[in-house]
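All remarks here apply to the structure that follows.
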Amino acid sequence: MSKRFLSGDEAFAEGIRLAKPDVISAYPITPQTIVVERLSEMVEDGSLKSEFIHVESEHSALSCAMGASAAGVRAFTATSSQGLLYMAECLTYASGGRFPIVMMNANRSTALPWNIYGDQRDSLSLLDSGWIQAYAENAQESLDLALMSYYIAENERVSTPFMVNLDGFIVTHTYEEVDVPDVSLAEKYLPPYQTENKLDLDSPKNMAFSAGPEHNYIFKYKEHRAMLDAVPVIDEAEKKFAEIFGRKYTGLIETYLTEDADYVLITLGSIAGLCRETADKLRSEGKKAGVVRIRYMRPFPAEELAEALKNAKAAAVLEKDISFGSEGTVYTNVNSALFKNGILLPVYNFIGGLGGRNISAGDIENIYETMQTGSSEKVKFIGIEADQK
């Protein structure tokens, strides 16, 4: 294990180097570019033995990764924003084909207006594509998820592609000290990829075929079951990771001061750190504030959220996303989860950070104040005043 000063992009590239994909299909797009740049350098200097294919588009990047996975080898690609949307057609092919590709997505605002800064509308708009979705908070978790994502995706109970999301610029380009594991430890953690879901002349099978209503329905149900079956595999992956590398993760969500919290703020990605700092400040003032960070949006942590909020008086969802004409996508999922599990409490939705706009500690304190005082307005845009509506 060595300590290095890395950006989130570089840390993720180091994690992929340790995972040893056989094929990397690359098309650069800001703020993802550094990942594929570093991987190309690793292939060039021999520290990573992989076939690096520079394709002509993001659509081709995922198509290439699917071809590699169909041939029975470990595949990786990366994208961001409009690139992810350009891939959208291929996402359901990959999940429906049960190809356990890992893809890094640098969360970035979608056009128009054109904007290179980070929000999470790109990935959250594709929650229903059949991919596991995880959201890293920092560079260390980015590296670790690069390894864990393959462990989870390639498990025979899951066999589902995996999208790891890093907040654009805030995580992708921020430098911090990162523990980079030794190759020998990574090999102990992640075995070589083996699958029967591949093209094989000795055992021919039909892949990527058509299916009518009677059978298509069953395939879709099996996709759904595999996503649910990923939950115990995530736990298994994290336990093994802690045993080998000494770093512990907490499954689908991470809770902070929620055991006795009256007011709980739910969020995902890098903003969680500022939320925890704000909760600490409020605790010092005698206010029982707590935080839940959603680590996985798919499979969705319905029961875990219900458990974390069972004693709360109110909750709020802070997200960098909006489903136009409705509410935030995370908010929709959270409300559904709580209702299904019999947790009835006021839940507010705060939309912020679109196009990379800053969310301040003062903004977060105002969210807690709204939870405490109540409001008839359940969906609010941070920084939009009444006279602007």
Side-chain angles (χ1 to χ4, degrees), residues 120 133-138 140-141 144-145 167 231-232 234-235 238-239 242 247-321 328-353 359-375 378 380 382:
Q120 294 161 335
Q133 279 202 25
Y135 289 77
E137 182 180 352
N138 51 42
Q140 185 67 67
E141 188 174 19
D144 296 346
L145 277 169
D167 282 340
V231 176
I234 290 168
D235 290 338
E238 292 180 349
K239 286 176 183 176
R247 283 188 295 280
K248 295 181 180 179
Y249 290 95
T250 57
L252 303 184
I253 66 171
E254 177 186 80
T255 59
Y256 186 73
L257 303 176
T258 57
E259 294 82 0
D260 65 340
D262 290 332
Y263 307 103
V264 178
L265 180 54
I266 303 160
T267 193
L268 65 163
S270 58
I271 194 65
L274 185 58
C275 293
R276 290 193 293 268
E277 289 180 13
T278 305
D280 286 338
K281 178 178 181 293
L282 294 174
R283 285 275 175 164
S284 70
E285 298 170 0
K287 301 172 184 176
K288 293 185 177 180
V291 178
V292 171
R293 177 171 71 98
I294 297 176
R295 298 185 62 240
Y296 284 80
M297 279 297 295
R298 289 294 184 270
F300 192 72
E303 294 179 1
E304 291 83 355
L305 279 171
E307 178 65 23
L309 271 67
K310 66 182 181 182
N311 297 319
K313 294 179 179 178
V317 176
L318 170 61
E319 58 184 300
K320 301 177 181 181
D321 165 77
T329 300
V330 182
Y331 182 65
T332 301
N333 281 258
V334 168
N335 275 330
S336 173
L338 296 179
F339 182 80
K340 282 188 298 187
N341 286 278
I343 305 297
L344 304 177
L345 75 168
V347 184
Y348 301 92
N349 189 198
F350 287 84
I351 311 297
I359 300 172
S360 70
D363 292 329
I364 296 170
E365 287 191 53
N366 288 338
I367 293 173
Y368 278 106
E369 183 177 351
T370 297
M371 282 191 270
Q372 187 171 1
T373 59
S375 172
K378 289 295 193 289
K380 301 185 178 187
I382 295 173

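Numbers here simply count residues along the sequence, with the first being 1.
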Is E238 salt-bridged to K248, going by a charged N under 4.0 Å from an acidic O? no
All heavy atoms of A302 vs all of N341, minimum pair found to be O-ND2, 3.7 Å
Rounded to the nearest 0.5 Å, what's the gap from OG1 on T332 to CG on N349? Could you check? 7.5 Å
Rounded to the nearest 0.5 Å, the CG atom of L282 sits from the OH atom of Y368 at a distance of 6.5 Å
Can you tell me if NZ on K378 sees more than 12 non-hydrogen neighbours from other groups inside 6.0 Å? yes
As an exercise, state the distance from CG of L344 to CG of L309, rounded to the nearest 0.5 Å. 12.0 Å
Note: Y296 and G251 closest approach over all heavy atoms is CD1-O, 3.8 Å
Donor-acceptor pair, side chain of Y331 and main chain of V347, under 3.5 angstrom: yes
Between the side chain of E304 and the main-chain N/O of L252, is any donor-acceptor distance below 3.5 Å? no
As a quick check of understanding, evaluate side chain to side chain contact (heavy atoms under 4.5 Å, CB included) for K313 and L345, giving each step before the final call. CA-CA 6 Å; K313 294 179 179 178; L345 75 168; over 6 Å; no
Ignoring hydrogens, what is the shortest heavy-atom contact between P299 and V231? Give both atom names and the distance. CG-CG2, 3.7 Å
Which heavy atom in I294 sits nearest to a heavy atom in M297, and how many Å separate them? CG2-SD, 3.9 Å
Could you give the distance from CD (E319) to CD1 (I351), rounded to the nearest 0.5 Å? 4.5 Å
Under the side chain to side chain donor-acceptor pair (under 3.5 Å) test, residues paired with S375 that sit two or more places apart: K380
Flag the pair R295 and E141 as a salt bridge only when some basic side-chain nitrogen lies within less than 4.0 angstrom of an acidic carboxylate oxygen. yes
Compare every heavy atom of A261 with every heavy atom of G290, then report the nearest pair and how far apart it is. N-CB, 3.8 Å
Between I253 and I266, is the side chain to side chain contact (heavy atoms under 4.5 Å, CB included) condition met? List the steps. CA-CA 10 Å; I253 66 171; I266 303 160; over 6 Å; no
Please name the residue in the list V264, D280, L265, V292 that meets the side-chain contact (heavy atoms from CB on, under 4.5 Å) test with Y256. D280
Within this structure, what is the CD1-NZ distance for the pair I234 and K239, rounded to the nearest 0.5 Å? 12.5 Å
So does V291 get a backbone contact from the side chain of R276, meaning a donor-acceptor N/O pair under 3.5 Å? no
Between the side chains of R283 and D260, is the shortest nitrogen-to-carboxylate-oxygen separation below 4.0 Å, so that they form an ion pair? yes
Please report the C-alpha distance between Y249 and D144 in whole Å, then the side-chain angles of each, then the deciding distance to 0.1 Å, and finally whether the side chain to side chain contact (heavy atoms under 4.5 Å, CB included) criterion is met. CA-CA 10 Å; Y249 290 95; D144 296 346; 2.5 Å; yes
Considering residues at least two apart in sequence or located in another chain, which fulfil the side chain to side chain donor-acceptor pair (under 3.5 Å) criterion with T329? D321
Shortest non-hydrogen contact between V334 and F300, atoms and distance: N-CZ, 3.8 Å
Test side chain to side chain donor-acceptor pair (under 3.5 Å) applied to N333 - qualifying residues, sequence neighbours left out: R298
Name all pairs fulfilling the salt bridge (Lys or Arg N to Asp or Glu O under 4.0 Å) condition that reach into residues 360-372, sequence neighbours left out, sorted by first residue then second. K281-E365
Suppose the criterion is side chain to side chain donor-acceptor pair (under 3.5 Å): which pairs have a residue in residues 262-271, not counting sequence neighbours? D167-S270
For Y135, check side chain to side chain donor-acceptor pair (under 3.5 Å) against everything at least two apart and list the hits. S123, Q133
Measure the spacing between CD of Q372 and NZ of K287 and express it to the nearest 0.5 Å. 5.5 Å
Below 4.5 Å, heavy atoms only, C-beta onward: do L274 and S360 meet side chain to side chain? no
